[in-house]
Amino acid sequence: MLKCKVAQLVEQAVIRAQRGGLIPSVALPQITVERPQNAAYGDYATSLPLKLARAARANPLSIAEEIAELIVPIPEIEKIAVAPPGFINFTVNNNWVVQQVESIRSAGEAYGDINLGRGSRVQLEFVSVNPTGPLHVGHGRGAVLGSTLAKVLTAAGYAVEKEYYINDAGTQIDAFYRSLYARYRQALGTPFEMPPDGYHGSYVMELAQEIIAENGDKFLSWSPEEAAWELGKLGLDKMLNLIKADLKLLKVEFDLYFSENSLYEGGQYQRVMSELGERGYTAEKEGAIWFVSSALGEDKDNVLVRTNGTPTYFASDIAYHYNKFSERNFDKVVNIWGADHQGHIARMKAAISALGIDPDRLRIIITQMVTLRRGGTELKVSKRGGDIVTLREVIDEVGTDACRFFFLSRAASSQMDFDLELAKKQSVDNPVYYVQYAHARISSILRFAQERGIEPSYGDVSLLTSQAELALIRKMTQLSEVIEAVADSLEPNYLPYYAQELAADFHGFYEQCRVISPDRELSAARLKLVDAVRIVLAKTLHLMGMTAPERM
RNA sequence: GUCCCUGUAGCUCAGUUGGAUAGAGCAGCUGCCUUCUAAGCAGCGGGCCGUGAGUUCGAGUCUCACCAGGGACGCCA
């Protein structure tokens, strides 16, 4: 990345300036290079002199001049300028810029990829919704976020594994099983009361109907416990398949569905409990076994094993994370959780440090709530309460691409309104279509050129000299910086904004520069540029899990 | 009561980790299609960045207090 190269040049120059006594030898902060907001300042800038000014007790402008003087010239950089109050600005050589068109075309789909991760293994766990009901919009948000992060981290050189943790054990599953059994009985005309803590949504009745259609009434003769268990397993399987189908509609897929139950069957749960005990982090109180998180600075302890002997969700989650770090040896683990899991973060981190694992290896992203609206009225999404608007209905109404783009455009930390009416009404003037339209236009030009026998490969990029052309190429060269920013921050919302900027630069170019003209040389050169834009735009769309349409 | 997230244009939201003149999309208004897609382009209007202090060369960004909205504080997950 040219940006890193510039940072290195600055660092070398500063060190030289300090050794030569031109500026005081104070400790250097992290050398950062950024893109100035105003293009008039050039392509890159550093505010290092401003940061050094205080410690060095010197005028930032003169520091900037001393440093700038010592920066070794490289062919890519055409101009280095000092600007008040103490910036050093870098302007990239236009020859280098136009050459990037060639680089893009030879790199193809790999263009923009970086090696930030150096192959280290990252596990991304997301969605992980209890298979006790259909997905709602909030789940969709985490799903889109996770699947996009997976793509970006892969592009950034990490070895990524996507995982869905199935909570197929515990009290919620039990409540689901008993609800399904009650609905089964009711559907067969043998009245049975719904459990008070049950799932009242109509989808449970539909599941019961399906099971009756496939298995008849044979469970009526079974004992309620056995019948609930068998029915439950059938229902859970169906529910999970529905969830997978919904996720597929959203273009979300996993490498592994990890069963909570397997932690008990595989012995991880037992191993973790004894290890926590050996390390002195468990205690028995009031007939239950507790994790002594207060010993690690938490404000209270948490139950691991209930009085009735069953483990809590927290206990199996510790076993799960032990499995991730100590048995599967992931370098880093990223979990995407809903806002309701906020309180779980601190104790989860405490638990893994209790197991001797560096808690910084675990990063947890909390997605804030999505409130679904239709116009002014808020729609309910609670699973337990009854009927909900499902994710599938939202996708059917709004479309996968628009859904994904919409979710990605908002930072995970912001709660958001998803207004179906608005999403549909705006769908024609949506930024989504603005970006995709650019790709369709490009495809159209390429078709047009092909019909006339104009080949992009013959193009001579040095003919690309107009402002619109250069600005467009400059924008393309930012892709790897965007990938880096997303991979570092785990905030993919840079992506949709970058896509819009790139599309805007293309549309601007399209208005100002006729691609296929009587000038065959220029036509070929511009066609080559257009083909490069196709590559970068499609890559950006694909990182977001969106389609790059050839016609609209 | 404690903890977490949010508060930026009429609306929905960005703001590159503390930098230069705070941006985009909708909505409103004015222009631009005999030529590769007008789902586009050019332009106009719109701001006490919740409030008040603090940190420093410099704050939308960091700290504290307060106000407002949301979430979590369970032997549910």
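Values below: every heavy atom of this structure, side chains too, minus hydrogens, waters and symmetry copies.
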Whole-Å distance between B:C13 C1' and A:Q415 CD?
13 Å

Test your reading of the model: is there a side-chain donor-acceptor pair from A:T547 to the backbone of A:P549, 3.5 Å cut-off?
no

Euclidean distance for P, B:G40 against B:A24 (whole angstrom):
16 Å

Let me check something: any side-chain donor-acceptor pairs from residues 505-512 of chain A under 3.5 Å, sequence neighbours excluded? List them with distances.
residue: A:H507; atom: ND1; partner: A:R441; partner atom: NH1; Å: 3.0
residue: A:H507; atom: NE2; partner: A:Y434; partner atom: O; Å: 3.3

Residues forming a ring-ring contact (aromatic ring centres under 6.0 Å, His included) with [X], sequence neighbours excluded:
X: A:F407; value: A:F418
X: A:Y264; value: A:Y269
X: A:Y177; value: A:W229

Can you give me every donor-acceptor pair (side chain of residues 524-536 of chain A, partner residue at least two apart or in another chain, under 3.5 Å) with its distance?
residue: A:R526; atom: NE; partner: A:E469; partner atom: OE2; Å: 2.6
residue: A:R526; atom: NH1; partner: A:R514; partner atom: O; Å: 2.8
residue: A:R526; atom: NH2; partner: A:E469; partner atom: OE2; Å: 3.3
residue: A:K528; atom: NZ; partner: A:E102; partner atom: OE1; Å: 3.3
residue: A:K528; atom: NZ; partner: A:E102; partner atom: OE2; Å: 2.8
residue: A:K528; atom: NZ; partner: A:S457; partner atom: O; Å: 3.4
residue: A:K528; atom: NZ; partner: A:G459; partner atom: O; Å: 2.8
residue: A:D531; atom: OD1; partner: A:R534; partner atom: NE; Å: 2.8
residue: A:D531; atom: OD1; partner: A:R534; partner atom: NH2; Å: 2.9
residue: A:D531; atom: OD2; partner: A:R105; partner atom: NE; Å: 2.8
residue: A:D531; atom: OD2; partner: A:R105; partner atom: NH2; Å: 3.4

Pairs flagged by side-chain hydrogen bond (donor to acceptor under 3.5 Å, both in side chains) wherever residues 484-501 of chain A is involved - sequence neighbours left out:
A:K475-A:E501

Electrostatic pair A:D417:A:R373 at N-O distance under 4.0 angstrom:
yes

B:C76 base / A:T171 side chain donor-acceptor hit below 3.5 Å
no

At under 4.0 Å, does any side-chain N or O of A:S414 touch on OP1 or OP2 of B:A14?
yes

Quick one: is B:A38 close enough that its OP1 or OP2 comes under 4.0 Å of any side-chain N or O from A:R441?
yes

N-glycosidic conformation, B:U17 - syn within 90 degrees of 0, else anti
syn

Glycosidic conformation of B:C33, taking syn as within 90° of 0 and anti otherwise:
syn

Do any N or O atoms of the protein come closer than 3.5 Å to N or O atoms of nucleotides 43-47 of chain B, and which pairs are they?
none

Under 4.0 angstrom, heavy atoms only, what part of the nucleic acid is [X] near: base, sugar-phosphate, or nothing?
X: A:R347; value: base
X: A:N308; value: nothing
X: A:Y313; value: base
X: A:E286; value: base

Paired and unpaired positions of RNA chain B as dot-bracket, Watson-Crick or G-U wobble under 3.5 Å, | denoting a partner strand
(((((((..((((.....[...)))).(((((.......))))).....(((((..]....))))))))))))....

pi-stack flag for A:Y41 and B:A20, centroid dist under 5.5 Å, interplanar under 30°:
yes

Face-to-face stacking of A:Y437 with B:G40, centres under 5.5 angstrom, angle under 30°:
no

Proximal nucleotide (of B:C13, B:G19, B:A77) relative to the A:T312 side chain:
B:A77

Do any N or O atoms of the protein come closer than 3.5 Å to N or O atoms of nucleotides 1-4 of chain B, and which pairs are they?
residue: B:C4; atom: O2'; partner: A:Q342; partner atom: NE2; Å: 2.7

Salt bridge (charged side-chain N to carboxylate O under 4.0 Å, His left out): pairs with one or both residues in residues 283-307 of chain A, sequence neighbours excluded:
A:K285-A:D301

My understanding is that only residues two or more places apart in sequence, or in another chain, count here; which of them pass side-chain contact (heavy atoms from CB on, under 4.5 Å) with A:N302?
A:S293, A:F314, A:R347

Across all chains, not counting sequence neighbours, the side chain to side chain donor-acceptor pair (under 3.5 Å) partners of A:S128 are A:E125

